[in-house]
Amino acid sequence: AASGQTTSDMCVAAGSAALNAALLRPDLVDAVILSTTSPDRPLPSTAVAVAGRLGAHRAIPVDLTQVACAGGVYGLWLACHMLQSDAIRHVLVVAGESLSRRTDPHDRSTRVFFGDAAAAAVLGRTTSGHGLLSWHLGASPSNCVTIAAGGASQPQDEQAIAGADHFVRMDGKAVWQAVIRIMPASIRAAVAAADLGLTDVAHFALHQPNLKLVHAVLDSLKVAPNMATITVDRLGNTGAASTLTALHDAFHLGRIGPGDVFVVAG
């Protein structure tokens with residue numbers, strides 16, 4: 001992100017591009033779901049700000065602020081379920097991060113990995129047999145990626161700043177082990193729930209923690225490396241935005257087309 005550029009700035013740009021691609025007027029958006037761990041500020045809502053700047057004035061704003069690297073997946077899942085309501089016709093899902101503002105300049109274990117980006121998708125009604133075919137979600141408490149200060153348990157005071165507790169901390173080894181244990185199993189569960197096999201999947205849009213880890217997940221699935229679009233090589237780990245940046249590039253590069261089955265996983 002450029003100096004002075006915020007998460008909402010990037011999200012507005014991504015959301016506007018997605019609406020243009022969908023040929024959808026902003027005033028026809030019924031909900032804006034925004035996922036980020038680096039909002040412009042704790043309050044007020046970044047989703048409200050983004051919806052207003054886009055002109056989506058009648059949209060329901062939803063902020064997902066602590067889903068982190070699974071944020072793109074949870075945003076898409078929530079949008080699909082909101083569309084089960086007769087009152088909802090179009091949902092804009094935006095994920096954006098300014099993680100360069102969340103990393104300690106003196107901590108190489110995080111500074112070299114995390115980046116800034118935003119990406120968006122427009123979801124609407126579709127016919128039976130298309131759209132979201134299945135899903136698998138799971139969660140468990142973990143401190144392998146954490147920002148200790150800034151919440152109710154530890155204020156962002158002078159002591160926290162002196163200890164750099166307001167920056168993101170990551171246990172890289174623990175993250176690797178968790179991803180290798182959880183992501184392939186989650187993908188298999190989602191594909192099986194759709195009564196499909198991995199050979200039926202045309203493409204994978206995966207969270208991009210680092211290139212080796214993406215390839216390790218594909219190796220575990222016995223899937224070729226070219227089956228997943230890579231963005232981490234130029235953007236870094238962009239947290240919640242990561243899966244949607246991969247999805248965006250896969251569509252624009254023609255790796256996903258009409259009638260294809262694809263997997264989004266974080």
Side-chain angles (χ1 to χ4, degrees), residues 1 5-19 22 29-54 56 59-83 88 90-103 114-123 132 135-139 142 145-147 150-151 168 175 179 182-183 186 190 205-209 231-232 235-250 263-266:
Q5 189 177 28
T6 66
T7 297
S8 66
D9 292 332
M10 292 188 291
C11 288
V12 167
S16 178
L19 291 171
V29 176
D30 298 298
V32 173
I33 300 171
L34 193 149
S35 185
T36 181
T37 58
S38 48
D40 287 4
R41 56 189 68 86
L43 281 173
S45 158
T46 306
V48 170
V50 169
R53 288 173 60 186
L54 286 172
I60 301 165
V62 180
D63 289 273
L64 301 178
T65 58
Q66 291 182 300
V67 195
C69 298
V73 175
Y74 271 76
L76 294 173
W77 179 85
L78 180 59
C80 288
H81 285 76
M82 291 183 78
L83 284 162
I88 305 294
H90 301 99
V91 180
L92 174 66
V93 179
V94 190
E97 300 283 12
S98 300
L99 291 173
S100 65
R101 316 274 169 82
R102 292 289 206 179
T103 53
F114 290 104
D116 306 333
V122 176
L123 281 76
L132 180 65
W135 67 87
H136 175 269
L137 298 178
S142 173
V145 182
T146 182
I147 299 174
V168 64
V175 171
V179 171
I182 294 168
M183 189 183 284
S186 181
L206 306 180
H207 170 52
Q208 312 266 315
T231 61
V232 67
L235 299 178
N237 179 344
T238 54
S242 165
T243 50
L244 293 188
T245 65
L247 191 62
H248 170 275
D249 281 14
V263 170
V264 184

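By convention here, the first residue in the shown sequence is residue 1.
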Open item on the list: So Val50 and Leu92, do their side chains get closer than 4.5 Å, heavy atoms only?
Closed with: no
Task: Stepwise side chain to side chain donor-acceptor pair (under 3.5 Å) check, Thr238 with Glu97 - done: CA-CA 6 Å; Thr238 54; Glu97 300 283 12; over 6 Å; no
Task: Ser242 (side chain) donor-acceptor with Gln208 (main chain) under 3.5 angstrom - done: yes
- [ ] Please indicate whether Gln66 has more than 12 foreign heavy atoms, meaning atoms of other residues, nucleotides or ligands, lying under 6.0 Å from its CD.
- [x] no
TODO: Write down the atom of Ala139, the atom of Tyr74, and the distance for their closest heavy-atom approach.
DONE: CB-OH, 4.4 Å
- [ ] Report yes or no: does Arg102 contribute a side-chain atom to a donor-acceptor pair with the main-chain N or O of Phe114 at less than 3.5 Å?
- [x] no
- [ ] Using the side chain to side chain donor-acceptor pair (under 3.5 Å) rule, take Thr46 and Ser8 through it: C-alpha gap first, then chi angles, then the decisive distance, then the call.
- [x] CA-CA 6 Å; Thr46 306; Ser8 66; over 6 Å; no
- [ ] Any chance you could measure Leu206, atom CG, to Leu247, atom CG, to the nearest 0.5 Å?
- [x] 11.0 Å
Open item on the list: When you compare the side chain of Val29 with that of Leu54, does any pair of heavy atoms fall below 4.5 Å?
Closed with: no
Open item on the list: Between Val73 and Val67, is the side-chain contact (heavy atoms from CB on, under 4.5 Å) condition met? List the steps.
Closed with: CA-CA 9 Å; Val73 175; Val67 195; over 6 Å; no
TODO: Determine, stepwise, if the pair Asp116 / Gln5 fulfils side-chain contact (heavy atoms from CB on, under 4.5 Å).
DONE: CA-CA 10 Å; Asp116 306 333; Gln5 189 177 28; over 6 Å; no
- [ ] Would you check if the side chain of Asp30 reaches a backbone N or O of Val91 as a donor-acceptor pair within less than 3.5 Å?
- [x] no
Task: With Val93, the side-chain contact (heavy atoms from CB on, under 4.5 Å) member among Val32, Val62, Leu244 - done: Leu244
Open item on the list: Quick check on side-chain contact (heavy atoms from CB on, under 4.5 Å): which of Leu132, Leu123, Thr243 does Leu76 satisfy it with?
Closed with: Leu123
Open item on the list: Quick one about Asp249 and Thr231 (side-chain donor to acceptor, distance below 3.5 Å, no hydrogens or angles considered), yes or no?
Closed with: no
Task: Residue pair Ser38 / Arg101, side-chain heavy-atom distance below 4.5 Å - done: no
Open item on the list: Just to verify, which of Thr36, Val94, Thr6 counts as forming a side-chain contact (heavy atoms from CB on, under 4.5 Å) with Cys11?
Closed with: Val94
TODO: Would you check if the side chain of Ser16 reaches a backbone N or O of Ala13 as a donor-acceptor pair within less than 3.5 Å?
DONE: no
Task: Nearest heavy atoms of Ala121 and Ala18, plus distance in Å - done: N-CB, 4.3 Å
Open item on the list: Using only atom types and a distance under 3.5 Å, with no angle test, would you say the side chain of Asp63 pairs donor to acceptor with the backbone of Ala47?
Closed with: yes
TODO: List the atom of Ala241, the atom of Ala117, and the distance in Å for their closest heavy-atom pair.
DONE: CB-O, 3.6 Å
Task: Distance-minimising heavy-atom pair for His207 and Gly266 - done: CB-CA, 3.8 Å
TODO: Considering non-hydrogen atoms only, spot the tightest contact between Cys69 and Asn237 and give its length.
DONE: SG-OD1, 4.2 Å
Open item on the list: Do Leu99 and Val168 make a side-chain contact, defined as non-hydrogen atoms from C-beta onward lying under 4.5 Å apart?
Closed with: no
